[in-house]
Amino acid sequence: MSQKKNNGSLVTKINSSDVRVFYDQTEALHGVNLEIYENSVTALIGPSGCGKSTFLRCINRMNDVIEGCRITGKITLDNEDIYDKGLDVVQLREKVGMVFQKPNPFPKSIYDNIAYGPQIHGLAQNRQEMDEIVENSLKKAGLFEEVKDRLNSPGTGLSGGQQQRLCIARAIAVNPEVILMDEPCSALDPIATAKIEELIHELRQNYTIVIVTHSMQQAARVSQRTAFFHMGDLVEVGDTDDIFVRPEDKRTQDYITGRFG
Amino acid sequence: MFPYLLAAILLISLSGFYLGRKQASNLRSQTKLHSLPQYHGYFIALWCGIPTILLILLWTALEPILLGSLIRSHLESQSGGLTPTDYVIMTEEVRNLAAGVALGTQDPLILETAEWMRSLQQSSQWSMVVVTILLAMLIMAFTRSKVAPGFKARHGVELLFNGFLFISSTIAILTTIGIVLSLIFETFRFFELVPITEFLFGLKWYPQIAIRADQVAGDGAWGAIPVFSGTLLISFVAMIVAGPIGLMSAIYFSEYASPKMRGWTKPILEILAGIPTVVYGFFAALTLAPLVRDGGIAIGLDVEARSALAAGLVMGVMIIPFISSLSDDVINAVPQTLRDGSYAMGATKSETIRQVIIPAALPGIVGAFLLAISRAIGETMIVAMAAGLNANLTANPLENVTTVTVQIVVALIGDQEFDDPKTLSAFALGLVLFVVTLILNVVALAIVKKYREKYD
């Protein structure tokens, strides 16, 4: 594996060393060492089943939910081991939000969808503060203008693209430091995709974003750094411009030129 | 005779299948057929078999009726001046004698007619055999002559299959309609004897009336309200037991239990659904009711030997598996992505269940509850054993109440006549019960369906 040089000004937000994931006896990730920098977008690319989503789900410990899943190695967030026994997964997920492949708004109103996270983490003292959080989150997700007159109508009634932005707003509402996105545009049409990508650009100012994507164009458009996974290995990681223009590994080159995947 | 004939017809059909298939595959080696050879075979076999078997069934059904009226007119012409009832009895005697039941009758007319009937039966049987086998052969010859490259045998088979399915569903629907109609007509007869307002709004139910002049009994009162209130009280107690326990166990099974745990505990719960209700009934009457009474007395309450509480508790246990497995299904139908979404927000398991899963599954859970209530309302055996017979208008579960189903049972056992209100009241009660359960089921299914559409 080759780790390319990066700009010296970047701060490491997440650091994973020798992360291996087992589903029962099968090893799905074979020792991933990857640094993710603060306030940048890191894209994880690779063919289906290469382990990129598995790695993403390690960062907020979503794999804990899966029966028979075991993780070894170390992942740190701000130099704190997130698999430490003393760490509360609830607090970890408050800091690391996630957006899923398929928009999954809760069967509640738009308002309650956003208020859900702040409410369970006790972020608002009263209704007025909650109103502010909801409005700000919707504004940051670029959805406020579209839904401000129907905050009490169900979130499931929105279009696919709006639902996905609602899910992003929901993640933002708890004030996370990192947002994980698992193919957030795969269920959306090109126009909705363009809006999400634009949003990712804006969000980068305040959040660290890790995005899994199937689309290499998307990785090239939205990310500063790209990591290429193949068959459970992290093959190559570097600045997005370098990876797409001068890939070092043969497999990376084959994948981005469309020879497989 | 009958089984041999059926076997013969099946044999003819089977040979029709092989002959037709052979014929068609011979043709197929020369030219292209519209239908595959086996469809030609099926076509011949089905056309040979179905009409002939139908004819046999029709013949067997009509033969006794035709012979009966033949015998009767023969008896009438031979002996005059008897009442219609006498003829019915004589015809029955002849029939029994012909069937080989010795009655010790010496009447020469009857003996002679029985002999005649037996010979008629025999000739009818033989002609049935000859006619049906001939028919099967004829159809086979005709359909075999149809085997040709352009013949659409496949369509014919599809059509027959279609018709078969149509007839099956028609039978099911017609039976239902027939039952409902009979309920409605008998209910009308009841309302000719008892005013409908008394039935629907009366507060007293004393069905024990005299059905013969020499019996000593009350005048009767037909107010159904205490009966229905008893049903509602017992169902209410049952739902108080089954609702929370069923729902909580469903949540445990679908959200908390490991697959291994679920694998062996869920079937155990479902065994509850397999216990015959009569067993629950005597458990309620013999074990639980005395326990409830003794317990009540121990804490200074006045509990009757047959209390709504005892019956309701056992009925509640009976419907736990309904609520639990239906709710388990709807909770499992909540997409995993919603759970993931909630966990990713940092919600705990119980927060996720309370705030995301239950609201998402709520319509389905409501549907499950309504189905369970309609089941509780219609339940008979437990209440027949454990609830009382006394139509007592009360809301106190420690007292003795009766239910609609119990009163139907009571009305239809023992002496009965079909023109007295006691017997007919069963139909009126049954109709109201039917309407109530129907409405509950329709509403429940509509809710469940609406919920399904949302996530599919």
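Just so we're on the same page: letters track the sequence lines, and every chain starts at 1.
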Against chain B, label [X] side chain, backbone, both or neither, depending on which of its atoms sit under 4.5 Å from a heavy atom there.
X	result
A:V99	neither
A:P103	neither
A:Q119	side chain
A:R57	side chain

Looking only at non-hydrogen atoms, find the nearest pair between [X] and [Y] and report the distance.
X	Y	result
A:P105	B:L338	O-CD2, 3.2 Å
B:A344	A:M98	CB-CB, 3.8 Å
B:V356	A:Y116	CG2-OH, 3.6 Å

Quick one: list whatever passes side-chain contact (heavy atoms from CB on, under 4.5 Å) with B:L445, sequence neighbours left out.
-> none
Could you tell me which residues satisfy side-chain contact (heavy atoms from CB on, under 4.5 Å) with A:Y111, sequence neighbours excluded, listed by chain and number?
->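 Residues passing side-chain contact (heavy atoms from CB on, under 4.5 Å) with A:Y111: A:S109, A:A115, A:R127, A:M130, A:D131, A:V134, A:L151, A:N152.
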Check whether more than 12 heavy atoms from other residues, nucleotides or ligands sit under 6.0 Å from atom [atom1] of [X], and answer yes or no.
X	atom1	answer
A:Q25	CD	no
A:K74	NZ	no
A:Q128	CD	no
B:F236	CZ	no

From A:I120 CD1 over to B:Q355 CD, what is the distance, rounded to the nearest 0.5 angstrom?
-> 7.0 Å
Return yes if some donor-acceptor pair links the side-chain N/O of A:H121 with the main-chain N/O of B:A347 below 3.5 Å, else return no.
-> no
Heavy-atom contacts under 4.5 Å, residues 78-95 of chain A to chain B = A:V90, A:R93
What pairs of donor and acceptor atoms, side-chain ones from residues 248-257 of chain B against any protein atom, are under 3.5 angstrom apart with sequence neighbours left out?
{"unit_1": "B:S249", "atom_1": "OG", "unit_2": "B:I245", "atom_2": "O", "d": "3.1"}
{"unit_1": "B:S249", "atom_1": "OG", "unit_2": "B:G246", "atom_2": "O", "d": "3.0"}
{"unit_1": "B:S254", "atom_1": "OG", "unit_2": "B:A250", "atom_2": "O", "d": "2.9"}
{"unit_1": "B:E255", "atom_1": "OE1", "unit_2": "B:R339", "atom_2": "NE", "d": "3.2"}
{"unit_1": "B:E255", "atom_1": "OE2", "unit_2": "B:R339", "atom_2": "NE", "d": "3.0"}
{"unit_1": "B:E255", "atom_1": "OE2", "unit_2": "B:R339", "atom_2": "NH2", "d": "2.8"}

Does the pair B:T337 and A:F100 meet the rule for a side-chain contact (heavy atoms from CB on, under 4.5 Å), with working shown?
-> CA-CA 8 Å; B:T337 56; A:F100 294 84; 5.9 Å; no
